[in-house]
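Here's the structure, in structure tokens; my notes come after.
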Amino acid sequence: MNNILLETQGLTKTYGRRDVVSDVNIKVRRGSIYGLIGKNGAGKTTIMKMIAGMTKPTSGSYDYVDFEGGNKAAFAKIGTLIEIPAIMPSMSAYDNLKLKALAYGCYDDSSIREKLKLVSLDNTGKKKARAFSLGMKQRLGIALALIGDPEVLILDEPINGLDPEGIAEVRNTLARLNEEKGITIIISSHILAELAKLATDYAIIDNGRIIEESTREELELKSRGKLVIKCADSAKAMEVLKAAGYSKLEAADPRTINVYEEGEVGPDMNMKICNAGIMVYSFAFETADLEEYFLRTVSGADKEVV
Ligand code: ATP
């Protein structure tokens, strides 16, 4: 287990009378790629702005515990891409980076060339940023965030609106930055499947609250699918299964039960339902995709899954 880099305690942001972020407690490990997943308006940007020091929490706190010198020291080592990247459209990729580096007092030709290579923009020459594809602009935004050689990157929806090729390029760039440079990445998206294979840790956020925090392994396990039971009377069969101690069940229709229990529960459930005199037509395992899992999780409160 890597060191915890950042920990938040009860992080809350209120605009007017509305808590747009409520009681957020997350732990980000150094070297991880931490994905914040939530629908539009869930509060991802607001969380990122708080932990990047761009806006103050109304209550609660956050600590970059793995930085000597605490939050102040951390801010100097955080690169951000939040909302629209500050790109000068009439300049080349190189000149965009040079301008920011000069402003930061750290201009160095070889360092800029290295950053362009890291984001695969090293062959764009004099081409002006205005002629870049959306994916290239996003990667230029990431390169700009790398000025100052950050240890942490906070990236708000960097793959939003990109085509599959653009998504793959940004994903490869981020994986490279994480692996080769050891940069911890905190990244948001409204599409869980887009961050799959990239993020090592996930927090699902809904209405400003974290409703689930899991590692990649835990998420894979949880989103692995469901057992679908077709029987003569799903309501009666649900009663039998609940009486036997099963709780992760959902009556999909009068003849169908979805089961989200872990482990080899099929044979025991089959026997219990049959013993209760209810005809079982079929047992089938259906794999879920990540999006289905995400939607089920964020709407979990109003479903029968317990
Ligand atoms: P999106 O992907 O749409 O940006 P998000 O998950 O990043 O969504 P936030 O941008 O954090 O969500 O916004 C959360 C809620 O807070 C939204 O309802 C938004 O309208 C509101 N909000 C954000 N900033 C402000 C502000 N400065 N003043 C008032 N309300 C705000």
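Since we're looking at a predicted model, the values are computed, not measured. Start at 1 and go down the list; that is how both ligands and their atoms are numbered.
Tyr15 CE1, 3.8 Å is the protein heavy atom nearest to atom 23 (C) of ligand 1. Nearest non-hydrogen protein atom to atom 7 (O) of ligand 1 is Thr45 OG1, 2.5 Å. In terms of protein heavy-atom proximity, atom 12 (O) of ligand 1 is closest to Gly43 N, 3.1 Å. The closest protein non-hydrogen atom to atom 19 (C) of ligand 1 is Arg18 NH1, 4.7 Å.
Of all the heavy atoms in Glu261 and Met269, the pair that sits closest is CG-CE, 4.0 Å. For the residue pair Val119 and Ile142, the shortest heavy atom distance occurs at CG1-CG2, 4.2 Å.
Which of Asp156, Ile82, Thr46 comes nearest to atom 11 (O) of ligand 1 through a heavy atom is settled by distance: it is Thr46. Across Leu36, Val20, Thr55, heavy-atom proximity to atom 15 (C) of ligand 1 is greatest for Val20.
The atoms of ligand 1 that sit less than 4.0 Å from any heavy atom of Asn40 are 2 (O), 3 (O), 8 (O). Close approach of ligand 1 to Glu157 (heavy-atom distance below 4.0 Å) involves ligand atoms 2 (O).
By the 6.0 Å contact criterion, CG on Asn207 is open, its count of non-hydrogen atoms from other residues, nucleotides or ligands being 12 or less.
A cation-pi arrangement is absent between Arg30 and Tyr64 under the rule of less than 6.0 angstrom and at most 45 degrees off the ring axis. The cationic group of Lys226 does not satisfy the cation-pi geometry with Phe285, failing either the under 6.0 Å distance to the six-membered ring centre or the 45° limit from the ring axis.
If you check the side chains of Asp23 and Thr12, you find no donor sitting under 3.5 Å from an acceptor.
Between Phe75 and Tyr62, the ring-plane angle classifies as tilted under the 30° and 60° cut-offs.
Of the heavy atoms in Lys39, only backbone atoms (N, CA, C, O) come closer than 4.0 Å to ligand 1.
At a 4.0 Å cut-off, at least one heavy atom of Gly41 sits close enough to ligand 1 to count as contact.
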